[in-house]
Amino acid sequence: MIFILLFGFLIEIPLGLDRFLPVPPDNPLTAEKVALGRKLFFDKRLSRDETVSCATCHDPAFAFSDGAPRAKGIRGQIGPRRTPRIANRAWGRTFFWDGRAATLEQQVLDPIANPLEMDLDPAVAARRLGLKVEDMQAALASYVRTIRSGGSAYDRYLAGNQQALDEEQKEGLALFRGKAGCTNCHLGPNLTDEEFHYTGAGRTPNDAGRKQQGFKTPSLRDVARTPPYMHDGSLESLDAVVDFYNEGGKPHPRLDSEMQPLRLTPVEKRRLMRFLVSLNGSILDGL
């Protein structure tokens, strides 16, 4: 199955109807291109010393993340930020924690060239594989475009299955939409506003994110299975995240006005946590 956006929901449709994926006109989706992109995604020849592939950080076993606080590149180098989850990025408006890429086609080349990640000129990487850099770029972007998550208990509940969530999860959903204020930023089918915010989180205060505007709101899909959290992995558990927001974040000169103490009770925090677990879905890739 695949999922399309319809009236604010992710709706399942057969894989044969992949024309519903948002695809740029200059990089049409084909099965051959996606298959090539998948091979490239797991190919360590894209890194200078051939020790790292895209899948090193975006591991399917970790919901296309890596379970580490910050991304690890060649020679054991540690980057300043956590590996972003990439499921449903076909519907993304910008990419990376600071939104520096406007398209998936731009995004897929950045880690290859980044000296802290794969540290290789994309043109050199393409030559290693006997490809033109444009063809490598188009194939990688096409494959990433097909990585999607849906079919969670939350999706089934929105589609009308009242038994998909238990009573405690329904109460958690009410908190998510109400007292906890989560939908101020985590809204829509991908549970992100695709905007940039300061919450005061992080170990690196000099990292200002997007042009002093903060860091991109991550999707909450599959959030319970993808610790640690925040842009630099500074919060180890989902419980710690709920506590962080319950306390109103941390002081920061540009702290978002929405960051206020929530005053959730222990019971309310438990209900909210139970709801967040319901956002775990099925993650599929390819055509």
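Side chains are part of it too, since the values below use all heavy atoms of this structure and drop only hydrogens, waters and symmetry mates. Keep in mind it's a predicted model, so treat the numbers as computed, not measured.
Looking at heavy atoms from C-beta onward, Met118 lies out of side-chain contact with Cys57 at the 4.5 angstrom threshold. In this structure, Tyr157 and Leu173 have side chains that are in contact, with non-hydrogen atoms separated by less than 4.5 Å. His58 places a side-chain heavy atom less than 4.5 Å from the side chain of Phe41. Side chains of Phe96 and Arg210 form no contact here, defined as non-hydrogen atoms less than 4.5 Å apart. With a 4.5 Å cut-off on side-chain heavy atoms, Asp119 and Arg75 count as touching. Residues Leu220 and Phe176 have side chains in contact (heavy-atom distance under 4.5 Å, counting atoms from C-beta outward). Side-chain contact check for Gln162 versus Lys170: some heavy-atom pair is nearer than 4.5 Å. Inter-residue side-chain proximity for Thr217 and Phe196 is flagged as unmet; no heavy-atom pair is nearer than 4.5 Å.
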Check residues 107-115 and write down every donor-acceptor pair under 3.5 Å in which the side-chain atom is one partner and the other belongs to a residue at least two apart or another chain.
| residue | atom | partner | partner atom | Å |
| --- | --- | --- | --- | --- |
| Asp110 | OD1 | Arg100 | NH2 | 3.1 |
| Asp110 | OD2 | Arg100 | NE | 3.3 |
| Asn114 | OD1 | Leu116 | N | 2.8 |
| Asn114 | ND2 | Glu117 | OE2 | 3.2 |

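Leu235 approaches Ala240 most closely through the heavy-atom pair CD1-O, 4.1 Å. Across Arg82 and Gly233, no two heavy atoms sit closer than the pair CB-N, 3.8 Å. Contact record, Gly202 with His231: CA-CE1, 4.0 Å, taken as the closest heavy-atom pair. When all heavy atoms are compared, the tightest approach of Asn184 to Glu258 is ND2-CG, 3.9 Å. When all heavy atoms are compared, the tightest approach of Arg81 to Asp98 is NH1-OD2, 3.1 Å. Of all the heavy atoms in Ala63 and Thr226, the pair that sits closest is CB-CG2, 3.5 Å.
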Can Phe95 and Glu105 be said to form a side-chain contact (heavy atoms from CB on, under 4.5 Å), step by step? CA-CA 10 Å; Phe95 305 89; Glu105 282 68 22; over 6 Å; no
Verify side-chain contact (heavy atoms from CB on, under 4.5 Å) between Leu120 and Ile74, making sure each step is shown before the conclusion. CA-CA 10 Å; Leu120 188 63; Ile74 66 169; over 6 Å; no
In sequence, state the C-alpha distance, the side-chain angles, and the governing distance for Arg263 and Glu268, and then conclude on side-chain contact (heavy atoms from CB on, under 4.5 Å). CA-CA 9 Å; Arg263 298 181 175 84; Glu268 288 173 328; over 6 Å; no
What verdict does the side-chain contact (heavy atoms from CB on, under 4.5 Å) test give for Tyr229 and Val223, after you've listed the backbone C-alpha separation in whole Å, the side-chain angles of each residue and the deciding distance to 0.1 Å? CA-CA 9 Å; Tyr229 302 100; Val223 67; 3.6 Å; yes
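Applying the side-chain contact (heavy atoms from CB on, under 4.5 Å) test between Ile147 and each of Ile86, Leu284, Asn88 identifies Ile86 as the sole match.
By the rule that hydrophobic residues join a cluster once side-chain heavy atoms approach within less than 4.5 Å of another member, Met273 and Phe244 end up as members of one cluster. Criterion: ILVMFWY side-chain heavy atoms under 4.5 Å apart, direct or through other members. Under it, Leu104 and Val133 are part of a common hydrophobic cluster. The cluster map of Ile, Leu, Val, Met, Phe, Trp and Tyr, joined by side-chain heavy atoms under 4.5 Å apart, puts Val241 and Leu187 in different clusters. In this structure, Leu276 is a member of the same hydrophobic cluster as Leu158, with clusters built from ILVMFWY side-chain heavy atoms closer than 4.5 Å. Hydrophobic clustering (side-chain heavy atoms under 4.5 Å, transitive across Ile, Leu, Val, Met, Phe, Trp, Tyr) keeps Ile78 apart from Met230.
Asp232 places no side-chain N or O within donor-acceptor distance of the main-chain N or O of Pro69, the cut-off being under 3.5 Å. For the pair Ser47 (side chain) and Lys44 (backbone), a donor-acceptor distance under 3.5 Å is present. The closest donor-acceptor contact from the side chain of Asp43 to the backbone of Arg45 lies under 3.5 Å. A donor-acceptor distance shorter than 3.5 angstrom exists from the side chain of Arg148 to the backbone of Thr146, with no hydrogens or angles considered. Remark: the backbone N or O of Val52 is not paired with any side-chain donor or acceptor of Thr56 at under 3.5 angstrom. Counting only distance, with no hydrogens or angles, the side chain of Asp155 and the backbone of Ser152 share a donor-acceptor pair below 3.5 Å. No donor-acceptor pair closer than 3.5 Å links the side chain of Asn161 to the backbone N or O of Arg156.
A donor-acceptor contact closer than 3.5 angstrom is absent between the side chains of Ser219 and Asn190. Between Arg221 and Ser149, the side chains place no donor N or O within less than 3.5 Å of an acceptor N or O (distance only, hydrogens not considered).
Listed by chain and number, the residues in a side chain to side chain donor-acceptor pair (under 3.5 Å) with Arg70 amount to none (sequence neighbours excluded). Qualifying side chain to side chain donor-acceptor pair (under 3.5 Å) partners for Asp239, counting only residues two or more places apart in sequence or in other chains: none. Considering only residues two or more places apart in sequence or on other chains, Lys72 meets the side chain to side chain donor-acceptor pair (under 3.5 Å) condition with none of them.
For the atom pair Leu129 CG and Leu46 CG, the distance stands at 5.5 Å (nearest 0.5 Å). In this structure, Phe275 CZ and Cys182 SG are separated by 8.0 Å, a value rounded to the nearest 0.5 Å. The distance from the NZ atom of Lys216 to the CG atom of Asp193 is 9.5 Å, given to the nearest 0.5 Å. Distance check: Leu264 CG to Lys179 NZ gives 5.5 Å after rounding to the nearest 0.5 Å. With rounding to the nearest 0.5 angstrom, the NZ atom of Lys250 is 12.0 Å from the CG atom of Leu255. Considering NZ of Lys33 and CG of Leu36, their distance stands at 10.0 Å, rounded to 0.5 Å.
Residues Trp97, Tyr198 make up the rest of the hydrophobic cluster containing Phe215, defined by ILVMFWY side-chain heavy atoms closer than 4.5 Å, directly or through other members.
Relative to the six-membered ring of Tyr245, Lys269 misses at least one condition, a distance below 6.0 Å or an angle of at most 45° to the axis.
Between Arg270 and Glu171 there is no salt bridge, since no side-chain nitrogen of the basic residue lies less than 4.0 Å from a carboxylate oxygen of the acidic one.
Listed by first and then second residue, the salt bridge (charged side-chain N to carboxylate O under 4.0 Å, His left out) pairs that reach into residues 128-138 are Glu50-Arg128, sequence neighbours excluded.
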